[in-house]
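Hydrogens, waters and symmetry mates play no part in the numbers below; they use all other heavy atoms, side chains included.
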Amino acid sequence: MAYDRAIDIVRLAIRLQGTVSGLTLDDIQREFEISRSTAERLRNAVEELFGRLETVPTEEPKRRCRLRAPNLRQLISLSAEELAELPAAATVLDRAGLEERAGMLRRLEDKLRALLEPAALDGVAADLQVLTDAEELAMRPGPRSRLEDGLLATLRLAVRTGVVVAFDYASRATGQRTRRRAEPYGLIYGNRAFLVGRAEGGVEMRLWRLARMSAAEVTDEPFARDPAFDLERFTRRSFGTFHDLPVNVVLRFDSRVATDVAEFLFHPEQSMKRNEDGSTTVRFTASGVEEMCWHLVTWGTAVTVEQPARLRRRLTEMCTRLATHHGAVS
């Protein structure tokens, strides 16, 4: 058996063991970037080595499989590089003001270390220390809002159990807090963290900024979740976290920043074209004109907004106001 194939068999076994909903052949093809026939052979090899796969009951026409093999644990190991990602990710969350999530990652690291055999732990400890000392995250300017202790846990419980959540919410304009009730659908993390849901009795989805929430509590009132709602699709409607009417955006970047643009993701569904003059045209559809302007300012004169006119006007207004303000300072 080829070495690479053996690694793939163990990787697939671990994936099948770690899933509750199971994997289809399409999932295996996509994750391992292999043909369907190879995916079938890989799945069959896992079954031959680790025991019969379970079929997960589902209404889908495609078969979903998972593995329940106690002996697989003996083949699972943790590297120093993998463990080092947890404290690094926790630091990112700390700097974003998400200490509760950072704490969860650090507790996860402790639990994973505790599961290792003493000899294995000794083996990775030295390498882990070297990596920790040799890698640091650059400070990224941006908002850092502290969240009330226990807020995330409360909101997650409400989302998971499908019940209405009540909370005090501070007005952006006055700071005055009023009691609100919402049907929670999910959480969005970016420069700021938001709860996504419907105001009780409302129709449209809206966002509540977590930094303005306090005294949150789950109620005993269930709500009927809309099965058609897709959080990922909802999030992709916007550039950042602002949601309004989507616009078709066309940006042209000068040739001098072509390399940087080629490596940049402006939107998950963007298209990018290199022009004959060396410039690059980027197209996508999204809402959040204000946040687009904040980002485009960082590209300076290297970018030209070709569409829409609304974005071009808002960017012009913003830059004019900045120039006037700073020009008046002696």
Side-chain angles (χ1 to χ4, degrees), residues 1-79 81-82 85-86 89 101 104-105 108 112 156 159-162 184-190 196-197 205 224-239 241 243 246 262-273 282-286:
M1 183 184 298
Y3 178 71
D4 287 344
R5 183 170 177 241
I7 292 176
D8 284 344
I9 291 173
V10 174
R11 278 183 56 210
L12 178 57
I14 291 172
R15 280 287 287 115
L16 289 166
Q17 180 92 343
T19 179
V20 174
S21 59
L23 299 179
T24 66
L25 274 177
D26 290 341
D27 295 330
I28 298 172
Q29 277 186 260
R30 182 173 58 256
E31 292 189 25
F32 288 82
E33 298 180 344
I34 53 180
S35 66
R36 189 171 187 83
S37 59
T38 303
E40 290 176 342
R41 289 196 296 271
L42 193 60
R43 182 194 62 188
N44 294 341
V46 169
E47 194 163 34
E48 181 180 345
L49 290 171
F50 297 101
R52 177 176 286 280
L53 299 176
E54 293 182 1
T55 298
V56 180
T58 175
E59 296 180 358
E60 294 181 47
K62 297 178 181 179
R63 183 191 176 203
R64 287 188 167 274
C65 300
R66 64 188 178 196
L67 180 64
R68 295 294 179 263
N71 59 338
L72 179 63
R73 294 186 180 90
Q74 301 173 9
L75 297 179
I76 298 176
S77 62
L78 295 172
S79 68
E81 289 79 8
E82 289 170 327
E85 290 302 313
L86 292 174
R101 293 184 67 198
M104 291 180 187
L105 279 185
L108 175 60
L112 289 174
R156 282 173 165 169
V159 170
R160 190 171 71 248
T161 56
Y185 274 68
L187 297 160
I188 295 177
Y189 303 103
V196 182
M205 288 292 175
R225 184 182 175 93
D226 181 358
F229 177 76
D230 186 299
L231 183 61
E232 180 181 2
R233 188 165 60 245
F234 176 82
T235 306
R236 287 190 176 192
R237 283 171 42 195
S238 70
F239 187 90
T241 50
H243 280 69
E263 298 174 351
F264 211 89
L265 179 65
F266 296 89
H267 190 271
E269 297 176 358
Q270 71 183 27
S271 68
M272 190 175 291
K273 177 186 176 183
V282 177
R283 300 172 184 267
F284 58 87
T285 300

For residues 52-59, please give each side-chain donor-acceptor pair under 3.5 Å, one per line with the distance, not counting sequence neighbours.
unit_1	atom_1	unit_2	atom_2	d
Glu54	OE1	Arg66	NE	2.9
Thr55	OG1	Arg63	NE	2.9
Thr55	OG1	Arg63	NH2	3.2
Thr58	OG1	Glu60	N	3.2

- Task: Could you walk me through whether Thr38 and Arg41 pass side-chain contact (heavy atoms from CB on, under 4.5 Å), step by step?
- Result: CA-CA 5 Å; Thr38 303; Arg41 289 196 296 271; 3.2 Å; yes
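- For residues 13-24, every residue pair satisfying the side chain to side chain donor-acceptor pair (under 3.5 Å) rule, not counting sequence neighbours, is listed here: Arg15-Glu31, Thr24-Asp27.
- The line from CG of Leu16 to CG of Leu23 is 5.0 Å long, rounded to the nearest 0.5 Å.
- Considering every non-hydrogen atom in both Gln29 and Ala39, the closest pair reads CG-CB, 3.8 Å.
- Across all non-hydrogen atoms, the minimal contact from Arg68 to Val20 is NH2-CA, 4.3 Å.
- Considering every non-hydrogen atom in both Phe32 and Asp8, the closest pair reads CE2-O, 3.7 Å.
- Every residue two or more places apart in sequence or in another chain that forms a side-chain contact (heavy atoms from CB on, under 4.5 Å) with Arg283 is listed here: Val250, Ser271, Thr281.
- Among all heavy-atom pairs drawn from Thr285 and Pro246, the shortest one is CG2-CB, 4.0 Å.
- Ring geometry for Tyr185 versus Phe229: interplanar angle over 60°, hence perpendicular rather than tilted (30 to 60°).
- Counting all heavy atoms, side chain and backbone alike, Ile9 lies closest to Leu42 at CG1-CD1, 3.6 Å.
- Within the 4.5 Å cutoff, the side chain of Leu25 has no heavy atoms near those of the Lys62 side chain.
- Nearest heavy atom pair, residue Leu67 against residue Ala13, reads CD2-O, 3.8 Å.
- The shortest side-chain heavy-atom distance between Ile188 and Phe234 falls under the 4.5 Å cut-off.
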